Novice: 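Questions regarding the structure given below will be posed in turn.
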Amino acid sequence: MKAQVLIAENGPSGLELQEVADPVPAPGQVVVDVKSCGVCFPDLLMSQGLYQMRAPLPYTPGTEVAGVVRTAPDDSGYRPGDRVLVTSFLGGFAEQVVAVPEMLFPIPEGISFDEGAAMGINFQTALFALKMRAQTAPGEVVAVLGAAGGIGVASILVAKAMGAKVIAVVHRTGAEEMLRELGADEVVQLTDGWKDRVLEVSDGGVDVLIDPVGGEVFDDALRTVAPDGRFVVIGFAAGGIPTVKLNRVLFRNISIVGAAWGEYIRKHPQVPALLHDELVEMIEAGMRPPVNVTYSLAELPQALTDLAEGRVRGKAVVKIAD
């Protein structure tokens with residue numbers, strides 16, 4: 001089969017499209033023909049050797065798989081031909097992948113393989129952050145930093161599905177129309193005065209702030225959180241890890257919480273299935289995971305380069321088979 005193999009941890013250029021042996025399932029494993037695989041920030045970090053979990057080289061990355069079951073044990077709960085999502089840590093950027101049944105979930109009715117691949121880490125992270133960590137309630141105001149990125153788009157859609165008002169905060173120009181089509185009630189450009197604009201449109205402060213960005217905007221972002229509000233740290237896409245002036249947290253009675261989805265599910269492996277069930281309910285109610293750009297398997301290095309350089313708005317997916 002064809003697979004993208006990481007042979008050096010020097011970024012997207014370390015990937016090489018190779019012919020490799022078909023995977024051989026261990027007892028109890030399912031073989032899946034991969035149709036689409038989402039492109040996410042952890043894929044980029046893994047190519048650079050910067051992700052918290054590192055596999056020995058060479059290996060095939062790819063964590064957001066949508067495909068069709070090829071073979072499955074009789075007691076797995078799956079049959080050949082079933083449309084599934086696979087939450088494997090590795091192996092998705094290939095024509096086949098193996099996984100244990102616990103890593104498989106049915107693709108919702110009416111969702112394409114590309115859309116299924118887009119349901120992966122970003123939507124699970126968004127729901128984990130908004131529901132389990134921030135305990136967002138209907139009617140609350142949610143601000144999303146990095147709103148044009150994969151986590152940002154998923155957070156907008158999930159927050160709207162939960163009944164929140166959403167303020168999209170975006171650095172890149174030209175994204176306002178896309179963000180409003182996703183359901184953002186307000187769009188604020190990350191330029192001088194953005195903090196005051198968020199305070200204005202939120203009537204004094206937001207209840208929940210979703211931050212996958214970090215970096216130098218942290219201090220102003222913290223000032224936009226209302227008393228009793230929650231600031232949810234998801235990542236540091238801007239590169240800098242900020243420090244917190246705790247007097248602001250104390251005197252305004254706000255909470256800063258982490259939402260490290262990958263770390264959490266390693267200790268609570270039952271959580272992805274619970275989140276998947278809720279996401280399916282949201283999809284049945286009308287939510288659709290958007291796919292903004294697609295690449296071929298051979299173009300994966302370009303996809304990761306585009307992601308690193310901020311050229312991907314929303315979600316990118318690699319189409320591996322029709």
Side-chain angles (χ1 to χ4, degrees), residues 41 45 50 52 121-122 124-149 151-156 158-171 179 184-268 271 275:
F41 203 68
L45 294 178
L50 299 177
Q52 56 261 40
I121 287 176
N122 291 342
Q124 289 249 341
T125 298
L127 183 55
F128 170 64
L130 286 159
K131 181 175 182 177
M132 297 183 65
R133 303 300 292 144
Q135 299 182 355
T136 306
E140 289 194 308
V141 180
V142 174
V144 180
L145 298 182
I151 290 287
V153 164
S155 296
I156 291 169
V158 171
K160 291 300 294 183
M162 295 176 68
K165 174 183 177 180
V166 176
I167 302 169
V169 183
V170 62
H171 181 266
L179 296 172
D185 298 282
E186 302 285 350
V187 178
V188 175
Q189 198 71 37
L190 196 64
T191 55
D192 289 343
W194 74 271
K195 171 181 67 72
D196 294 332
R197 178 61 179 158
V198 171
L199 289 171
E200 177 186 351
V201 298
S202 63
D203 196 24
V206 304
D207 301 295
V208 176
L209 192 142
I210 299 295
D211 183 12
V213 178
E216 62 185 17
V217 303
F218 179 86
D219 281 346
D220 277 347
L222 190 61
R223 291 187 176 98
T224 69
V225 180
D228 293 321
R230 290 83 75 200
F231 189 116
V232 186
V233 179
I234 292 180
F236 310 105
I241 299 178
T243 56
V244 182
K245 296 180 179 179
L246 288 177
N247 59 315
R248 295 176 186 164
V249 177
L250 174 64
F251 292 116
R252 290 169 55 215
N253 291 293
I254 62 178
S255 301
I256 298 177
V257 298
W261 178 82
E263 291 299 316
Y264 192 88
I265 65 170
R266 275 186 271 280
K267 294 184 179 179
H268 306 277
V271 167
L275 296 179

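For clarity, every value in this text was computed on a predicted model and none was experimentally measured.
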Novice: Does a side-chain heavy-atom distance below 4.5 Å link Glu186 with Arg197?
Specialist: yes
Novice: Minimum heavy-atom separation for His171 to Gln189, with atom names?
Specialist: O-NE2, 3.0 Å
Novice: Using side-chain heavy atoms (C-beta onward) and a distance below 4.5 Å, is Arg230 in contact with Ile254?
Specialist: no
Novice: Of the options Val142, Val232, Leu145, which is the one that meets Leu209 in a side chain to side chain contact (heavy atoms under 4.5 Å, CB included)?
Specialist: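 Testing Leu209 for a side chain to side chain contact (heavy atoms under 4.5 Å, CB included) against Val142, Val232, Leu145 leaves exactly one candidate, Leu145.
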Novice: Could you check whether any side-chain heavy atom of Arg223 comes within less than 4.5 Å of a side-chain heavy atom of Asp220, counting everything from C-beta outward?
Specialist: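 With C-beta onward as the side chain, the pair touches.
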Novice: Contact between Thr224 and Ser202 at the side-chain level, heavy atoms closer than 4.5 Å - yes or no?
Specialist: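 SC-SC contact between Thr224 and Ser202 ruled out.
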Novice: Is there a side-chain contact between Leu275 and Trp261 (heavy atoms, below 4.5 Å)?
Specialist: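 Leu275 vs Trp261: side chains touch.
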Novice: Any side-chain heavy atom of Trp194 within less than 4.5 Å of one from Val217?
Specialist: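 Yes. Closest side-chain heavy atoms under 4.5 Å.
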Novice: Can you measure from CZ (Phe251) to CG (Leu246) and round to the nearest 0.5 angstrom?
Specialist: 11.0 Å
Novice: Quickly, which of Val158, Thr136, Asn122 forms a side chain to side chain contact (heavy atoms under 4.5 Å, CB included) with Leu127? Name it, please.
Specialist: Val158
Novice: Work out which heavy atom in Asp185 is nearest to a heavy atom in Lys165; give both atom names and the distance.
Specialist: OD2-CA, 3.4 Å
Novice: Is there a side-chain contact between Val166 and Val144 in this structure, where contact means two heavy atoms from C-beta onward sitting under 4.5 Å apart?
Specialist: yes
Novice: How close do Ala134 and Val208 get, heavy atom to heavy atom, and via which atoms?
Specialist: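 The pair with the smallest heavy-atom distance is CB-CG1, 3.8 Å.
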